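What follows is a single structure, written as structure tokens, with notes after it.
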2 protein chains.
Amino acid sequence: MRTTYREQLVALTAKIAELCGLVTVSMETATKALLRADLVLAERVIREHDQLVAACLAAEDAAFVLLVRQAPVAGDLRTVVTSIQNLFDVERMGVLAKHVAGVTQRRHPNHAVPADVSGYFAQMGRVAVQLGKATQQALLMRDTKTAAAIDDQDDVMDDLHAHLFKVLMDREWPHGVPAAIDVTMLGRFYERFADHAVEIGRRVNFQVLGVLDPDEGDTHG
Amino acid sequence: MRTTYREQLVALTAKIAELCGLVTVSMETATKALLRADLVLAERVIREHDQLVAACLAAEDAAFVLLVRQAPVAGDLRTVVTSIQNLFDVERMGVLAKHVAGVTQRRHPNHAVPADVSGYFAQMGRVAVQLGKATQQALLMRDTKTAAAIDDQDDVMDDLHAHLFKVLMDREWPHGVPAAIDVTMLGRFYERFADHAVEIGRRVNFQVLGVLDPDEGDTHG
């Protein structure tokens, strides 16, 4: 029995939300691995990443098949194209979780993060997980309130990141250059994870309200 | 007189190639600014970035209008959706050039990059410009040879980046933590610039050959 066009559209969005949930779990696990210098957890995140990439590519293919076979119009067309954009962000969120795990793996059995800044990463990890969950919710429910909450959480992430940078740039930083480089890169991975959630939240808002906020999206790298 | 659908498609691709040329000039200027600690050049890149973002958004809007009004099918549909994806990468390349300029601006009148590693950035800047030009060419000509050359140039960039990291991680690094952090971030900006060029090259290949290389695209953050 062939699924209907409408069912395929709903399934595509549900799939992206599911993948968003998976990358959120990846970031949660990667953060645990980082804070505990846990090689087993780190390697699990890295191993499972390939499946995630495959699932993202499969969903992108499904979206293109839907586009070409069903030739959706107007709002539906926008939904499919937006889904392809969202998939890109979800995949990047997964890559960033994998990068956190990669730093943990490279430094094992040492901790990549000195004890006196690990609190920042515990917090950034928590915010990342909240952002991932909010993004999943916004995707599933086309919920602009949740999408707005994503921006607030992103502000929290940016504040944490800015504070962390101050600590790093302090002349008294006692952990040497290699640790500073790891902390720099790790901080960026969390910040970028949040940025991708913000991108998805903006698109949900746009789909629901027809308004894209041009002030966002050009301030991060 | 209304332009035809075909003309609009060609104009969209030409626009993206033009924007790709502009971000390449931005990266070239940002690199000059970085190497000379030239505040005027750095501020020019930062100032001009807003226009670039506006042009990217306008092109994305034009692509969506084309999708909705003309309801392209099959290959044309894929071209439009791919254009929207390519626009994202071009915009990010512009953001990364702006970030390079931003570091230069923050450190002025000092050099952000110590003299003994500035050679890496001169080289990464040259490779970035070659990549940008090759990407523009690949977009305009739907040229798979140029698209393949992008991968080679990206390998050169990755090698430079890996070497730079070794220098940074060396216990003898004499420039302290703040300089190490700047160099870390700058290295990442150039590497990511190259990654976005690779993404566009892959899509050109896919459009021409119908083959997407699944080995690429999941290794960088």
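This is a predicted model, so every value here is computed, not measured. In what follows, chains carry the letters A, B, and so on, assigned in the order in which the sequence lines appear, proteins first and then strands, with residues in each chain numbered from 1.
- Ion pair A:Glu28/A:Lys32 not flagged as a salt bridge, since none of the NZ, NE, NH1 or NH2 atoms sits closer than 4.0 Å to an Asp/Glu carboxylate oxygen.
- Put simply, of A:Ile84, A:Asp170, A:Val177, A:Val68, the one with the most heavy-atom pairs under 4.5 Å next to chain B is A:Val177.
- At a 4.5 Å heavy-atom cutoff, the contact between B:Val81 and chain A is made by side-chain atoms alone.
- In this structure, A:Glu191 and A:Met157 approach most closely via the heavy-atom pair CA-CG, 4.1 Å.
- Residue A:Leu77 touches chain B through its side chain alone, counting heavy-atom pairs closer than 4.5 Å.
- Distance alone, capped at 3.5 Å, is enough to place a donor-acceptor pair between the A:His108 side chain and the A:Ala37 backbone.
- Residues of residues 162-169 of chain A lying under 4.5 angstrom from chain B, judged on non-hydrogen atoms, are A:Phe165, A:Leu168, A:Met169 in numerical order.
- A salt bridge does not link B:Arg106 to B:Asp182: none of the charged side-chain nitrogens sits closer than 4.0 Å to a carboxylate oxygen.
- A salt bridge links B:Arg192 to B:Asp195: at least one charged side-chain nitrogen sits closer than 4.0 Å to a carboxylate oxygen.
- In this structure the side chain of B:Val80 never reaches within 4.5 angstrom of the side chain of B:Asp76, judged on heavy atoms.
- Side chain of B:Thr82 to main chain of B:Thr79: no donor-acceptor pair is present (N/O by atom type, distance under 3.5 Å, no hydrogens or angles).
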